[in-house]
S.K.: 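Provided herewith is a single structure, encoded as structure tokens, for subsequent inquiry.
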Amino acid sequence: TSQSGAGLGGRFTGYTVVGSAVSTKDGIAVMQNPVAVQVVPREVLDDQQAVSVQDAIVGNVSSVLPSSDTFYDGFTIRGFDRANIYRNDLRTLSSSHLNTSNLQSIEVLKGPAAMFFGRLEPGGVVNLVLKRPLDTSYTSVEEQVDSWGKSNTSVDTTGALTPDKTWLYRLNLNYSDGDTFRDFVWNRDVFIAPTISFRPNSAFRLNVDVEYQNTTFVADADTALPAIGNRPAP
């Protein structure tokens, strides 16, 4: 495992995660942590081609299932529904279509230790860790397609804005458009997430993050009965 870049969200390679911030906010090693924390690193997101946060967590983290709320993204942890979602240790409002394009890792704190964050469900907390700008230039373009005509395009670019590498940038773009196996059900999503970092020395970093997301969709009403004419289908 290697990590470069100061602070939370620095680049990791491999599957072994040294520390996490969601439980004690000080980067204590996972093996030395007295509470249950499980981390899904970027390597796993790339290998599994996980576009949504739900795809990234469910199946990779034990005791976690999708929430009963089918509109907003959420999770049931250890049987407690509507676990709170944090972004870099700050609580987020209820959101739909959470995207993994600008995430370096996803941390899941399980159990009553989640109540250290305030008046929350005792099942746990999900913390989304954002990617941080790198001082080495890097650009990647990725395209995904599926059998139902869906396409997903992702762009990730980062580097230095000044020769002394005091100012850094990172830009993540994602565009998704496609149908599903049901007629008249479709989804179109535009996601833009720029980040600027000011790093005058190794002991200080100021990050400014902006996210814009525009999602247009026809919901998949899987509880409805398909019809032929004005009667339920056989």
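Small disclaimer: the values here were computed from a predicted structure and weren't measured.
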S.K.: Distance from Y86 atom OH to L109 atom CG, nearest 0.5 Å?
M.R.: 10.0 Å
S.K.: Look only at the side chain of N187 and the backbone of F217, and say whether a donor-acceptor pair between them is shorter than 3.5 Å.
M.R.: no
S.K.: Using the side chain to side chain contact (heavy atoms under 4.5 Å, CB included) rule, take I106 and N127 through it: C-alpha gap first, then chi angles, then the decisive distance, then the call.
M.R.: CA-CA 6 Å; I106 302 174; N127 187 41; over 6 Å; no
S.K.: Do F184 and V218 have side chains that approach each other closer than 4.5 Å (heavy atoms only, starting at C-beta)?
M.R.: no
S.K.: Of the non-hydrogen atoms in P122 and M115, which two are nearest, and what is the gap between them?
M.R.: CB-SD, 4.0 Å
S.K.: Do D73 and S96 have a side chain donor and acceptor closer than 3.5 Å?
M.R.: no
S.K.: So, S101 and N172: side-chain donor and acceptor under 3.5 Å apart, yes or no?
M.R.: no
S.K.: When rounded to the nearest 0.5 angstrom, what distance separates OG in S151 from CG in D177?
M.R.: 5.5 Å
S.K.: Can you check whether V108 reaches V37 side chain to side chain, under 4.5 Å on heavy atoms?
M.R.: no
S.K.: Would a 4.5 Å heavy-atom cut-off, applied to side chains only, mark I228 and P234 as touching?
M.R.: yes
S.K.: Mind checking side-chain contact (heavy atoms from CB on, under 4.5 Å) for W148 and listing every partner two or more places apart, or none if nothing turns up?
M.R.: D146, F181
S.K.: Nearest 0.5 angstrom please: N174 CG to N99 CG, how far?
M.R.: 4.5 Å
S.K.: Output all residues satisfying ring pair (Phe, Tyr, Trp, His ring centres under 6.0 Å) with Y72, sequence neighbours left out; order by chain, then residue number.
M.R.: none
S.K.: When the ring centroid of F191 is compared with that of H97, is the distance short of 6.0 Å?
M.R.: no
S.K.: Which pair of non-hydrogen atoms, one from F75 and one from V126, has the smallest distance, and what is that distance?
M.R.: CD1-CG2, 4.0 Å
S.K.: In terms of side-chain heavy atoms, does T76 have a donor or acceptor partner in D81 at a distance below 3.5 Å?
M.R.: yes
S.K.: Does any part of the side chain of V40, heavy atoms only, come nearer than 4.5 Å to the side chain of L45, both counted from C-beta?
M.R.: yes
S.K.: Side chain of T92, backbone of I85: donor and acceptor closer than 3.5 Å?
M.R.: yes
S.K.: Just do the side chain to side chain contact (heavy atoms under 4.5 Å, CB included) check on N214 and Y212 with the steps written out, would you?
M.R.: CA-CA 7 Å; N214 185 300; Y212 169 82; 3.4 Å; yes
S.K.: Can you find a pair of side-chain heavy atoms, one from W186 and one from T180, that are under 4.5 Å apart?
M.R.: no
S.K.: In terms of hydrophobic clustering (I, L, V, M, F, W, Y; side-chain heavy atoms under 4.5 Å; direct or indirect links), are I196 and L171 co-clustered?
M.R.: no
S.K.: Should V53 and L128 be marked as a side chain to side chain contact (heavy atoms under 4.5 Å, CB included) after you check the CA-CA gap, both sets of side-chain angles, and the distance that decides it?
M.R.: CA-CA 9 Å; V53 172; L128 310 178; 4.0 Å; yes
S.K.: Nearest 0.5 Å please: distance from the OG atom of S197 over to the CG atom of L206.
M.R.: 7.5 Å
S.K.: Please find the pair of heavy atoms, one from L98 and one from S95, that lie closest to each other, and give the distance.
M.R.: CD2-CB, 3.8 Å
S.K.: Can you confirm whether R188 sits close enough to T215 that some side-chain heavy atom of one is under 4.5 Å from a side-chain heavy atom of the other?
M.R.: no
S.K.: State, without any angle test, whether D69 and S67 hold a side-chain donor-acceptor pair at a distance under 3.5 Å.
M.R.: no
S.K.: Of the options T195, T158, D156, which is the one that meets K131 in a side chain to side chain donor-acceptor pair (under 3.5 Å)?
M.R.: D156
S.K.: Hydrogens and angles aside, do E211 and N102 bring a side-chain donor and acceptor to less than 3.5 Å of each other?
M.R.: yes
S.K.: Donor-acceptor pair, distance only, cut-off 3.5 Å: does the side chain of T100 make one with the backbone of A50?
M.R.: yes
S.K.: Check the hydrophobic clustering (I, L, V, M, F, W, Y; side-chain heavy atoms under 4.5 Å; chains of links allowed) and say if F204 and V208 are grouped together.
M.R.: no
S.K.: Would a single hydrophobic cluster contain both V58 and V44, if residues Ile, Leu, Val, Met, Phe, Trp and Tyr are joined by side-chain heavy-atom contacts under 4.5 Å?
M.R.: yes
S.K.: Closest approach of R199 and D135, non-hydrogen atoms and distance?
M.R.: NH2-OD2, 3.2 Å
S.K.: Of all heavy-atom pairs between N88 and R132, which one has the smallest distance, and what is that distance?
M.R.: ND2-NH2, 2.8 Å
S.K.: Using a strict threshold of under 4.0 Å (side-chain N to carboxylate O), is an ion pair present between K150 and D179?
M.R.: no
S.K.: If you look at every heavy atom in S105 and V39, which pair is closest and at what distance?
M.R.: CB-CG1, 4.0 Å
S.K.: Please determine whether side chain to side chain contact (heavy atoms under 4.5 Å, CB included) holds for the pair R205 and L168, giving the CA-CA distance in whole Å, both sets of side-chain angles, and the decisive distance to 0.1 Å.
M.R.: CA-CA 10 Å; R205 173 178 286 201; L168 311 174; 4.1 Å; yes
S.K.: Roughly how far, to the nearest 0.5 Å, is the CZ atom of F198 from the OG1 atom of T166?
M.R.: 6.5 Å
S.K.: Any side-chain to backbone donor/acceptor pair from Q48 onto N60? Under 3.5 Å, distance only.
M.R.: no
S.K.: Do D189 and Q213 have side-chain N/O donor and acceptor atoms under 3.5 Å apart?
M.R.: yes
S.K.: Check the side chains of Q49 and E142 for a donor-acceptor pair under 3.5 angstrom, ignoring hydrogens and angles.
M.R.: yes
